[in-house]
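In what follows, a structure is listed as structure tokens, so that the remarks can point back to it.
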Amino acid sequence: MEEKKTFYLTTAIAYTSGKPHIGNTYEAVLADSIVRFKRMQGYDVRFQTGTDEHGQKIELKSEEAGITPKQFVDDVSGQIKTIWDMMNTSYDKFIRTTDEYHEKQVQKIFKKLYEKGDIYKGHYEGMYCTPCESFFTPSQLVDGKCPDCGRECQPAKEEAYFLKLSKYTDRLIEHINTHPEFIQPESRKNEMMNNFLLPGLQDLCVSRTSFKWGIPVDFDPNHVVYVWIDALSNYITGLGFDLDGNHTLDDGENLYEKFWPADLHLIGKDILRFHTIYWPVMLMALDLPLPKQIFGHPWLLQGDGKMSKSKGNVIYADDLVDLFGVDAVRYFVLHEMPFENDGVISWELMVERMNSDLANVLGNLVNRTISMSNKYLGGVIADKGVAEEVDEDLKAKVLEVPMNVIQKMEQLRVADAITEVFSLFKRCNKYIDETEPWVLGKDEAKKDRLSTVLYNLVESITIGASLLEAFMPDTTEKILAQLHAEKRSMDEMDRFGKYASGTKVTETPEILFMRLDSKEVLAKAEEIKQKQIAEAKAESGESEEEVIDIEAKPEVTFDDFMKMQFQVGEIIACEEVKKSKKLLCSQVKVGSEVKQIVSGIKQYYSAEEMVGKKVMVLVNLKPAKLAGVLSEGMLLCAEDAEGNLALMAPEKPMPAGAEIC
RNA sequence: GGCGGAAUAGCUCAGUUGGCUAGAGCAUACGGUUCAUACCCGUAGUGUCAUGGGUUCAAAUCCCUUUUCCGCUACCA
């Protein structure tokens, strides 16, 4: 007996800070279509997804909601699972990072890396050079000394654990170079190489002391494991991996031995860095094999800018499903997503696809085929063998499509694969036009030919519907049920004519996809939009006293504070720094002096509106060059959670130069 | 600023190693058909293939210039 080939695919685990929108849902559907196809090809598949549930954000949100973090994530994780189920995703394992087994293994992994010396205790703030009053990350130091003055640096107080990435850089570069398929699409490989690997990696901070909602470092309980070691490990802990080799068995099966290394990590392009650099380094440090391939897929975006609840343009999977049905939504997200660029989603496009592809081409084809069979042949589909030349072209097409679909799926070109399947249905519609069954139906002498024509159609549709299973499983079932046909496996698609001759199709064909009126749909979309805006308002109304917690810095002495000189400055001129996206260069009058100060606020203030403002200036900061421009101080700003900046200004008129104390 | 990518029909995009009148889908117009969910089939298109130059018998494709857009990244005193 030949062992079945295995295929292990994972999605990123979804962060449980809130309900996932269609962009997140897309990933689960994409993954599902790939694994379903692999199953059709006879692979022994394991499909894992789940939720990432730790971190400061969740700690804060649960506090706001007045419940424990665990209650909070139980709720959100449940919601996510419900959506994944609604979308008909066929995962084998839904892992949660709060699972006891996972937490235990993460602690063991952390400890092992620490004992091995690959994780060391360091300082999150970096190295401090007292004379220069500057912090540096360890990798910025020259021979362990300040890159500016060459003197010794002192570690700052905030302690944290770091993963030594630098130790494995060369091995990773080598691996990526010798495995061109490792990072997909290929353009992403260059980004990782040029931006991180070749310039040299900074060690990664892997613990936090600033919040509690995480997996504790068991040998140093002030620390919790920060996101990456926790979240990334799910790919092996979900298989029952045990660091000491006592892998947990599942029904007697050693899943870790069987499925690791993973065949494919399917992730969004935004977290490619973590999966192609940090994760492989972790695995190397643990002496475990690396995953075979990582695909950073693009995103589905709204046509009119970023999705935001306050704009009311967030599209959620359940709203779409209510209007269109599960398979239509699956079809849409898979079909609209190109391989490398972001796809666009909108209600209008959704209606267009629904009507032209699903209702007109596919639904109508099935419907007209069945109704002709009933009308002319009493529903009995029999191959009477009266072939004509046109049949050959149809058969050739029908036999060619499965091969094309396989080829596209192998390259992860899911959108192209679906298009291939639909080209089969389009060919069928053309075949009806070529053979004109309604003409044959009027001539008793041509009844056998008619019968053959309809047989060819039913056979073609059976193959097409079977191919559709990876993408639209419910639709496959429905079509085959109406035709009373057996589902065709991949290796049965090399031959035309397996549909049992003489089978009777259903007398009452059900409409597969209802045509929709775009105006009605848009009206409903508008309703959803208003509802969202109202909800967003209610939420922000509740949290009007919204607060932001930032990481606490070590205490300073009064003397430390008094070293800093703050004054009111008047901006008398301001221009953009040409070579930079973010910087403005201001001439600031402080007393009788004029200082040149460069600030990263171009996104929030134009050069013109800066002029005349009176602002708070840190005057005695050591001058530095930014983008080649000298800056002799700092304009102070307040920053919100989104990074929006607001200049600090005196609350009553004050002359330029007034001391702030 | 660094690295990379893109610019093709009204829209979304294909176009492999340079090769015959530059393609597909949607939308539009016209024609055909009536089994069907007013559907399906056919035909017609419009293109200075972003820009200027170069290599070549031959360039959407290769090289350089300019412009615009996008991604990653750095500067945020």
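Reckoned from all heavy atoms, side chains included, excluding hydrogens, waters and symmetry mates. Numbered from 1 within each chain, the chains take letters A, B, ... in sequence-line order.
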For this session: Answer yes or no: is there an ion pair linking A:Lys524 with A:Asp517, defined by an N-O contact shorter than 4.0 Å?
Result: no
Problem set entry | Separation of the P atoms in B:A38 and B:U43, to the nearest angstrom | 25 Å
For this session: Mind calculating the distance between CD (A:Gln411) and P (B:A14) to the nearest angstrom?
Result: 14 Å
Exercise. Taking a pair as Watson-Crick or G-U wobble with both distances under 3.5 Å, which nucleotide is matched to B:G4?
Worked result: B:C70
Exercise. Does B:A9 have a Watson-Crick or wobble mate here (both distances under 3.5 Å), and if so which one?
Worked result: none
Exercise. Toward the 5' end of RNA chain B, which comes first, A:Ala359 or A:Asp433, by nearest nucleotide?
Worked result: A:Ala359
For this session: Indicate whether the side chain of A:Gln567 and that of A:Glu659 have a donor and an acceptor atom separated by less than 3.5 Å.
Result: no
Problem set entry | Separation of atom CE in A:Met350 from atom C1' in B:U12, rounded to whole Å | 16 Å
Exercise. Would you say a side-chain N or O of A:Arg273 is under 4.0 Å from OP1 or OP2 of B:U73?
Worked result: yes
Problem set entry | Identified side-chain contact (heavy atoms from CB on, under 4.5 Å) partner of A:Ile370 from the options A:Glu510, A:Gln482, A:Lys375, A:Glu507 | A:Gln482
Exercise. A:Met372 CE to B:U37 P: how many Å, rounded?
Worked result: 12 Å
For this session: Please give the nucleotide sitting opposite B:G42 as a Watson-Crick or G-U wobble pair, both distances under 3.5 Å, or none.
Result: B:C30
For this session: For nucleotides B:C49 and B:U8, find the distance between their C1' atoms and express it as a whole number of Å.
Result: 4 Å
For this session: Between B:C41, B:U33, B:U73, spot the one nearest the side chain of A:Trp438, thanks.
Result: B:U33
Exercise. Across all strands, who's sitting opposite B:U21 as a Watson-Crick or G-U wobble pair, both distances under 3.5 Å?
Worked result: none
Exercise. Which nucleotide, B:G71, B:C72, B:A36, lies nearest any side-chain atom of A:Arg188?
Worked result: B:G71
For this session: Round to the nearest Å and state the distance from A:Ile597 atom CD1 to B:C76 atom C1'.
Result: 14 Å
For this session: Under 4.0 Å between any heavy atoms, over every strand shown, what does A:Asn194 touch: base, sugar-phosphate, or nothing? Just pick one.
Result: sugar-phosphate
For this session: Determine the contact category for A:Phe513: base if any of its heavy atoms lies under 4.0 Å from a base atom, sugar-phosphate if only primed atoms, P, OP1 or OP2 are that close, otherwise nothing.
Result: base
Problem set entry | A:His297 ring center near A:Tyr26 ring center (under 6.0 Å) | yes
For this session: Check whether any side-chain heavy atom of A:Leu358 sits under 4.5 Å from a side-chain heavy atom of A:Phe324, and report yes or no.
Result: no
Exercise. Do A:Tyr331 and A:Phe422 make the cut of ring centroids closer than 6.0 angstrom?
Worked result: yes
Exercise. Whole Å only: how far is the NZ atom of A:Lys408 from the C1' atom of B:A14?
Worked result: 9 Å
Exercise. Does A:Lys426 make a side-chain N or O approach to OP1 or OP2 of B:C26 shorter than 4.0 Å?
Worked result: yes
Exercise. If you check every side-chain atom of A:Ile432, which of B:C35, B:U37, B:U73 has the closest atom?
Worked result: B:C35
Exercise. Can you find a side chain N or O atom of A:Asn360 that sits less than 4.0 Å from OP1 or OP2 on B:C40?
Worked result: yes
Seminar exercise, completed: Judged by nearest nucleotide, the residue sitting upstream toward the 5' end of RNA chain B, A:Leu635 or A:Phe196, is A:Phe196
For this session: Using the P atoms only, state how far B:U46 lies from B:A22, rounded to an integer number of Å.
Result: 10 Å
For this session: Ignoring the backbone of A:Glu352, work out which of B:U37, B:C26, B:A36 is nearest its side chain.
Result: B:C26
Exercise. Could you give the CZ-to-P distance, from A:Arg515 to B:A36, as a whole number of Å?
Worked result: 16 Å
Problem set entry | A:Tyr376 side-chain proximity, nearest of B:C35, B:U37, B:C26 | B:C35
Exercise. Which one, B:U37, B:C40, B:G71, comes nearest to the side chain of A:Glu191?
Worked result: B:G71
Exercise. Looking only at atom P, what distance separates B:C40 and B:A58, rounded to whole Å?
Worked result: 46 Å
Problem set entry | Pairwise P distance for B:G31 and B:C20, with rounding to whole Å | 35 Å
Seminar exercise, completed: Taken to the nearest whole Å, CG/A:Asn195 to P/B:C3 is 11 Å
Problem set entry | Results of side chain to side chain donor-acceptor pair (under 3.5 Å) for A:His275 - residues two or more places apart only | A:Tyr235
Exercise. How is A:Met634 classified with respect to the nucleic acid when contacts are heavy atoms under 4.0 Å: base, sugar-phosphate, or nothing?
Worked result: sugar-phosphate
Problem set entry | C1'-based separation of B:A60 from B:A7 [nearest Å] | 11 Å
Exercise. With sugar-phosphate meaning primed atoms plus P, OP1 and OP2, does A:Val366 contact a base, only sugar-phosphate, or nothing at under 4.0 Å between heavy atoms?
Worked result: nothing
Seminar exercise, completed: Checking N1-N3 plus N6-O4 or O6-N4 for Watson-Crick, or N1-O2 and O6-N3 for wobble, each under 3.5 Å, the partner of B:A14 is none
For this session: Look at all strands and tell whether A:Asn429 reaches a base, only sugar-phosphate, or nothing, counting heavy atoms closer than 4.0 Å.
Result: sugar-phosphate
For this session: Round to a whole Å and report the spacing from CG of A:Asp416 to P of B:G25.
Result: 15 Å
Problem set entry | Working for salt bridge (Lys or Arg N to Asp or Glu O under 4.0 Å), residues A:Arg427 and A:Glu434 | CA-CA 10 Å; A:Arg427 184 63 189 85; A:Glu434 288 164 344; 3.3 Å; yes
Seminar exercise, completed: Among B:C75, B:A36, B:U37, the one nearest any side-chain atom of A:Leu583 is B:C75
Problem set entry | Span that lies between the P atom of B:C30 and that of B:C70, in whole angstrom | 39 Å
For this session: Take atom P in B:C62 and the same atom in B:G4, then report the distance between them in whole Å.
Result: 16 Å
Problem set entry | Pair of N/O donor and acceptor under 3.5 Å linking B:C3 base with A:Asn190 side chain | no
For this session: Would you tell me if any nitrogen or oxygen in the side chain of A:Lys430 comes within less than 4.0 Å of OP1 or OP2 on B:G42?
Result: yes
